[in-house]
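We count ligands from 1, going down the list as the structure has it; atoms in each ligand are counted the same way. If you're wondering where the values come from, they're calculated on a predicted model, not measured in any experiment.
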Amino acid sequence: MPHSKYDAIICDIDGCLSPEHPAPTDLCTIAKIAAWNRRAREAGDVPLLTLCTGRPQAFAEAVARMVGAFGLPIVCEGGVWLLEMDPYRWSMDPRITDGHRDLIREVERWSLAQFEGSRLEIGKAGAVTIFHERGAEYLESVVLPAVWTRISDKGWPLRASMTWTCVNIELEFISKASGIDRLLASTGLKTERLAGIGDTMSDMAIRERVAYFACPANADEKLRAHADFVSDKEEAEGVLDILERLKG
Ligand SMILES: [Mg+2]
């Protein structure tokens with residue numbers, strides 16, 4: 001039986017398996033990706049696909065159920081958690097203390113009080129994600145600079161950055177990179193036997209920890225420059241196209 005050069009594929013969710021902005025997920029293609037993972041579990045001749053996302057655990061779990069990402073830990077909330085579906089358990093990065101979690105709650109309260117019209121992504125335990133009714137431009141020009149100033153003035157161990165749609169405030173020592181490092185440490189998977197898929201610069205954490213990295217067509221130009229392959233198909237169809245090239 002031919003075996004892949006890779007033992008696992010680490011795949012981002014938003015902009016890869018599901019649309020970046022709220023829109024219906026391409027379930028026909030997701031079903032084919034789920035069939036890939038079934039084959040990986042049952043025949044073992046293709047690598048398992050697991051997930052690495054900035055989204056909260058509950059969202060990651062829902063996607064994991066759809067694509068059958070059972071068998072390897074999932075990095076969620078940008079490295080705050082490792083989630084396993086079988087056995088069903090999850091663990092927070094052990095470096096996050098009660099003090100850090102209190103700080104995150106404080107930042108949540110401050111953000112809501114400071115930015116009228118803001119709302120916070122639900123389900124985050126060790127990070128804060130701010131959306132605003134005035135949109136991404138307002139977030140980038142008004143909210144993000146104010147957050148940076150607050151972090152600097154307070155000396156908080158946090159960093160803040162902009163995505164397409166929101167501001168992320170994260171503990172400075174937690175990231176997709178630290179989450180993947182925990183994934184590798186807990187499984188014994190080796191970088192030289194891994195493939196990865198991502199669409200934005202936060203996925204450089206995946207790029208730097210895999211031997212082969214690919215992007216769907218919608219990926220950020222800056223990230224595409226670091227890819228071994230860029231599909232001409234978008235989002236989930238792009239992921240499926242990349243998987244087909246990882247066979248045997
Ligand atoms: Mg993404």
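- No side-chain N or O of Ser4 forms a donor-acceptor pair with one of Lys247 less than 3.5 Å apart.
- Judged by distance alone, with hydrogens and angles left aside, the side-chain atoms of Arg41 form a donor-acceptor pair with the main-chain N or O of Gly68 at under 3.5 Å.
- Not counting sequence neighbours, the partners of Arg65 by the salt bridge (charged side-chain N to carboxylate O under 4.0 Å, His left out) test are Glu61.
- The name of the N, O or S atom in Asp199 nearest to the Mg ion (ligand 1) is OD1.
- The Mg ion (ligand 1) has an N, O or S atom of Asp14 inside 2.8 Å of it.
- Distance check for Asp203 against the Mg ion (ligand 1): none of its N/O/S atoms falls below 2.8 Å.
- Side-chain contact annotation: Arg182 with Ser91, donor-acceptor N/O pair under 3.5 Å present.
- When you scan the N, O or S atoms of Asp12 for the one nearest the Mg ion (ligand 1), you land on OD2.
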